[in-house]
Each structure stands twice: as structure tokens, then as C-alpha cells.
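Report on the structure given below.
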Amino acid sequence: MPGSDTRVVELRVHGIMGTTAESLVGAVAAVDVAGDGIGRIVRPADRLRRPSPGPLLRTSDRSVPRVVEGYLWSGMTSGGLSKSTWALMFPFTLANLAHWMLPPVPHDNRPAAALGLVGRALLRLAALLLTVLFVTQVAVVSLDLVAAQCLAPGAACMSGAVPDWLPELRGFRPVVGLLPALLVVLLLARVSSVTWSVNAPPLPSPVPGNRPRRMPGASLVADPDTPTLRALHTVAGLAVLALLPSGGPFTASPVVTGQWVAGLTLLVLAALGVLLLDDPTGATPHRAGRWLRLALGRVTRRVLLFISVLLVISTAVAQEPLPNGLAGTDITIEGTTGVLVVVCVLFGLVLIPAALLARREFWAEQPRELRPWAGGWMSPIVLVIAALLGGGFGAGVAITVRELLGSNGLELPAGYEPVTLLWGAAAAFALVIGLLLGSITAVHRWRRNRRGAQPPESSLLHADSPPAEQATATRAWRNARFQRNHLHHLLLACGAALGLGAGVSIWMRLRGVGLPEWMEPFSAVGVFALGFLAAALMRAVYQAIRRPDLSRTLGILADLACFWPRESHPVVPPCYALKVIPELTERAAEHLQDRSTRVVITGHSHGSLIAVVAVSRLMETLPPEDRERVGLVTAGSPLQWAYPRAFPSVVPHRSLAELHGELDGRWRALCRGTDPLGGAVTTWRRQVYDSKMIGMGFRPDGSSGPLTPARTTESGALVLGSDHWLPDPQLQPVPGLRWSPGVRRHSDYYADPEWDEAVAIAAGLM
């Protein structure tokens, strides 16, 4: 029971798009009280910049002292030159994201375990091919387009800017062509080795006696094989760069030289390494994975990297004079793309039975609105989008550079023509699908507006509001619900459009069918789309470097994608979750050392995922008497409609129910139906019966089922289970709180009058 000396520490975590320290703690000034400058823990400050306590927390019978702290992590995903250039690795990030979207593997199911092992191996191979394709596309620009063609003796390109004698200088053209590509490969290796240092001790082991449950985010740990995977990607990139001047690895009749054999051997070793690396039992003696890890130790990796760099340097020396056109780039791009297509198809086929086995074990009995997107088959769709974005971006850059240099006499690989056709056909398919879905949606919404149907929650929350405000709230509810319900359909439509476009271009290439006249507009549209894609992305990076305040546009993507540790693709920005969650957990445990302190971790938007994982770690490592002083509040959270459905093996619905049971009612969720990013968290299938809202949801004992009818609080919110549905627009101003007229959607949760009640319940004071 709370005593007279009880206090509450409210530890806030922000979401995507970042925030300021002042906004996070709800004060006009804030000051750092802990952290290392990258992960900052802040408190409100007085006029002398000293930490000050937060406002008193009012409960049903008295007021309790409260300390408001906030954890700022947005500095890890935005700001500065290096972070802005992370946008160029977005296809790699999507390939890494595909790993975390894999369906869960049922326990003690050998077919499912074998399918999971094969699926992860194919995903890592596809990621390696993406790296090879990227390096080849860089070489197309620097080695083929610029060094071989534009700087050829007698070429009209750049004749006024480069002296005539310079291209004839021995070694000049190979160095100009290979050096930029070599630097890009080494830069990728450098970026992929960056990690955030954790300013907290390692988490303790689970306390004996805690129930052996699977908590949300249990698999969010650093992969010990990441250094090896990084070295293999770097070796593959250097090997293909060395092979390109001699005809490439896919040429039909290569010039059999020592350089070509060495480069091809390194490329094959890298491919075999990524295929065999993932052995879940590799740490066990007498298993293949253990010996593979020993064989690919630090010394072996450094030797392979040294040999690869020497091979590229020897290629620059041996290729003199450099031909006026490299035939190896064309066949390498087409060969790599062909193998990548085959791997993506095999990956999708393997995941069909894997998803069916997972469905039977994990979500067959769940309501449809809680089941994973695409039946747990979203990972192949994301991988296909990553592959096509990677290929399209490289082609777009090459087309843009050729136009800047002057296209007269400069030839791009013939494999780029199907790419332009792909994107043109994909744009046409997307337009048709968009018009079709838009027409269906418009008719559906017109019929609902004509019937005057209101969402069940909105009809109760705004029953006494003026008709104009009711209409505003209803429109906002419908728009937000439409976005939440159909975001994954948009991803599926994009994947389908790109896949159909790829199918058309591949069929024409395999059949040797030339581009008919009626398809020339598609190719023109594809050229424009690829050039626009490359120019827009480069401009966004430039603007983010030049004006840091615009870097949040790119930071939104980084906030969502860089939460996940490196797994299938190592050349991605460092995962900030591996730093934020231990530091947040350590800060909460530090406060809990005071027996009179209760800690409530609150998370807004994407921060709710961080908060849930941090609380689950506390539930595993704290003794029972300390676990009772931990609470959780989520606001504007996508923890029901997005994360469990997109990442069913990381935050499955069942694990959220178990965490809810561990907290025994101390998890409160603030929801607005007008919020397009956050909706219900602990309830579903809500309906109005006899002027009361009922529904299904999580129960305090960890089970799921029917709930008691919702109650109305003093602020006008409806509380069903652990969900607090807030009226939006707010019914009336509340003295002492910031009030914003109109629909607030995803903002101003901290200023809502229901916030303090949710924190008090989560702290166990009500």
C-alpha cells in the first residue's frame, strides 16, 4: 500500500519525428540529469537551469509528489552528414527489416524449424546480392560511364574540362574508375561497423521463480555473427569490383587469369558463408556452426579483406589501357539481378508453408483484425520492394549522370532498359490499382456517410456535443480508421505493382522480345521516374546536411527502420534500441532502489514499443516486490494494429497479453479514434449495446475475453478494460492544462486531463 512518503517517477519516451526536451517533459525549460549526450535523460528546469520536480499527481484521496523525466533518443537517427547519408542505404535497411517480419517458428516442430533456417539463409543471400548489385551499379557510373567511355582518348565527353594528354597517362583511367567505387565499398564497411555505446551495465539474469513467459521484444539482441557478415559483404563487393574489368563473374568465356580466379573464389566463399552462417545451435560443440565461426574468426576476416583490397589494386595496374567500354558490367548486372530474382522467388515459396505452420500454432483462433498482415507473409513483399528499389535507384543515378555528362556516345548496360520498363509498367499498374481502390473506397465511404453511421466510440464520446463538432469528430475517426486498416494494403499494392512490372520486363528479356512501339511510353515514364527518384533522394540528403531542421524528413524513416538490430544485412545504420532499452531499464531500476518510489514508464507513438520492451525486461529481472512498483502508460500507440501484425515473432499478440497479466492492471493505454498512427491497444471488437460500450480485450490475469462495460471518467473519456478512449475534439478546457481547440489526432496526449488518471492507475495509486 502507498505510504505518506510515496512518490512517482514518470519516465517518458517520445516517438517518431523526434521532439524537444522541453516538449517531452512539458516545461518551458529542461536540463540533462543523466545520459551521455546521445541518449539524454532530461527533467524540467527552473529559471536557474536547475532540475525541478514535476506537478503533483492527484489521486482519488490525495496528491502525490511526482518527478517527470524524459529519455531523448532522436539524436541517434537524425542530424549531421553521416546520419543524412543513411538514406542511401534504405534498400539495405528494408532487406534487414524483412528478417524481423518473418513468421514465428513453433516450438519442437522440425519442419517449421527447417523452413525457418532455409528462409533465413535465402534472405541473407538476397541481402548479399543486393550489396553486389549496388557495387556493380556504382562501377557502372565511375568505371564504365566515366573512366572507360567519357575519358576515352578522342571522346567528345568532357573534352573541354580534361586535357587531352591526361586520359592517355598510364593508370589514370583505371584509377579514376576504380577509386570511387573502392571508397564506396570501404565506406559501407565503415558505416556498418558503427555501434552505439551503451551507458548502462549489462542486464541481470532473470530472477529465479519468475514465470517462464515470452515477453515482447525478447529477440531484440545483438547478433554475434554481425562482424563476420559485414566482412563477407565487404569481400563480395571488392571481389565483384575486381572482376568487372576482366569481364565480370557471369561472362560466358572469361579470360582465365589468376586475378579472375581469385576474385571468383572470394565471391563464392562470401556466398557460401552467408548461406551457412545461421546455425541456431552453432554454439554447441560438434555442430557445423561452431566450426564455421572459428574458421571465420577475426584473423581470417582481416586476411580476406586484405587480399580483396590487393586484388582491386592489382586490377587497376593490370587493366592498361582500359577498354573504351566494359562488357562485364552489363552481364554482371543482368546475372546478379537474375540470381536475385530466383532467390526472392524461392524465399517466397519457402515462407508459404512456414506461414501456414505458424498460423496454425499462433493466430488461427485470433480475430481477423489481430492476425499478421498477409497471413505472416509480409517479409517476401518487403524484400521484393527492397530489391526493386535498389536496382531502380542505381539505374536512376546512372541515367542522371549520363544526362549531366551529355548522352551522345555514352551507352548504359542493356540491362537498364528492362529496369526502365519495369518502373514504367509498375507506375501504370499502380495508377490502375489506385484508381480502382480509390473508386471502391469512395463508394463505400459515400454509402456510410449517407447512412449517417458513426463509430461506436465516437457516438458515446460526443453524444452531448454540438452537431458540427460531432460531424468533425466522425470524419476524423473515419479517416484515421481507414489509414490504420489499409496501410498494409498499400504496401501489398506497391509490391504487386512492382512485381507485375518486374514480371513483364523479365519475360520480355528472356524471350528476346524488343520493345514494341506501344510500350515505348512506359519506358519513357520509367526513365523519368528513375531520374526523379535519384534526384529527389540526393536532394533530400543535401537539404538534410545543409539544413538540419529538414533532416527529420529522413529521420522518420530512420526512426522506424533503424530500431531493429542488424541481422540479414549488416550494412545498415546502427540499431538504437540496443542502447535505449538497457539505459531506460537501468534508469528505472535506479529509481526503484528507493522503496517509496513507483516508476511509470510512458511511451508515445513508436516510443510505446520501446516502453513495452523496457517494462518486459524489468518484469523478468526484478524481484516480485519491485515489480509491483512498475507501471506502463502508452499513448497514440500502434501496438495493436501495426507492430504485432507486421512483426509477429518479435511482439506477438500473445506476449502483449502476458505482459498485461504481469502488470495486473498497471498498463493503461490512451487512445484517440482520430489518431491515424495510434489506436486501441488492449481491446477489440467494440460495440455499443444499451448505450454502453462493450468489447473483447486483455484481462488482468493475462487472459483475453469479454470485458465489463466501459465507464465514463470525469474528463469525459471512456475506459474499456485498460484502454482510455479520449474525446477529440476535447469537450471543454480544463484549468491548469494546455488546451488546443479542434481535432488533435496524434499530438498533445500529455496535456489531456485523462493523462494524470492513467499515470496514477499505472502507479497502483487508484
Side-chain angles (χ1 to χ4, degrees), residues 94 97-123 126 213-220 278 280 343-385 484-496 499 564 567-568 609 612 638-661 679-685 695-698 702-705:
L94 284 180
L97 187 68
H99 169 87
W100 299 101
M101 303 181 84
L102 290 170
V105 178
H107 184 63
D108 290 337
N109 189 319
R110 289 188 175 181
L115 289 171
L117 188 63
V118 173
R120 292 191 299 271
L122 290 174
L123 184 55
R213 295 175 178 270
R214 178 180 174 84
M215 291 286 99
S219 59
L220 288 175
D278 186 14
V343 172
C344 288
V345 171
L346 291 176
F347 178 65
L349 294 176
V350 167
L351 247 65
I352 292 176
L356 292 176
L357 291 174
R359 177 187 182 276
R360 185 169 55 187
E361 175 72 19
F362 295 104
W363 59 77
E365 299 179 357
Q366 290 182 357
R368 185 176 299 275
E369 60 268 25
L370 301 181
R371 297 178 184 177
W373 291 341
W377 200 75
M378 279 298 292
S379 186
I381 298 171
V382 173
L383 179 62
V384 167
I385 294 176
R484 293 193 301 266
N485 291 344
H486 299 290
L487 175 63
H488 65 291
H489 293 149
L490 178 62
L491 294 176
L492 291 173
C494 290
W564 309 98
E567 278 289 345
S568 61
L609 177 60
V612 161
L639 273 171
Q640 183 183 105
W641 71 269
Y643 291 125
R645 305 184 68 188
F647 309 99
S649 62
V650 182
V651 280
H653 181 77
R654 186 181 301 176
S655 70
L656 296 177
E658 292 175 351
L659 177 61
H660 187 272
V681 175
T682 68
T683 62
W684 56 91
R685 291 194 172 178
M696 307 283 288
F698 296 153
S703 63
S704 301

S649 and S219: which non-hydrogen atoms are nearest, and at how many Å?
O-OG, 4.3 Å
For a quick test of reading the model, state the closest non-hydrogen atom pair linking A358 to P104 and the distance between them.
CB-O, 3.3 Å
Please report the closest heavy-atom contact between M378 and L492, naming both atoms and the distance.
SD-CD2, 3.9 Å
Do R371 and R359 come within less than 4.5 Å of each other through their side chains, counting heavy atoms only?
yes
Qualifying ring pair (Phe, Tyr, Trp, His ring centres under 6.0 Å) pairs with a residue from residues 347-372, counting only residues at least two apart or across chains:
none
Output the distance between atom OG1 (T683) and atom CZ (F698), rounded to the nearest 0.5 Å.
9.0 Å
Looking at side-chain heavy atoms only, is the closest gap between V651 and V612 below 4.5 Å?
no
Give the ring-plane orientation class for W684 versus H653, where under 30° counts as parallel, over 60° as perpendicular and anything between as tilted.
perpendicular
Considering all heavy atoms, the nearest M101-V382 contact:
SD-CG2, 3.5 Å
If you compare all heavy atoms of P106 against all heavy atoms of L357, which two are closest, and at what distance to 0.1 Å?
CG-O, 3.9 Å
Please find out if less than 6.0 Å separates the ring center of F647 from that of W373.
no
Here the pair of heavy atoms bringing A98 nearest to L123 is C-CD2, 3.9 Å
State the CG-CG distance between L383 and L102, to the nearest 0.5 angstrom.
10.0 Å
Tell me, please, which residues at least two apart from R685 pass salt bridge (charged side-chain N to carboxylate O under 4.0 Å, His left out).
E369
Separation between OG (S568) and CZ (R120), nearest 0.5 Å, reads 11.5 Å
Rounding to 0.5 Å, atoms CZ (R645) and CD (Q366) come to a distance of 10.0 Å
With a 4.5 Å cut-off on side-chain heavy atoms, are H660 and T682 touching?
yes
How long is the span from the CG atom in L351 to the CG atom in L346, to the nearest 0.5 Å?
12.0 Å
Check: L220 and W100 side chains under 4.5 Å, non-hydrogen atoms:
yes
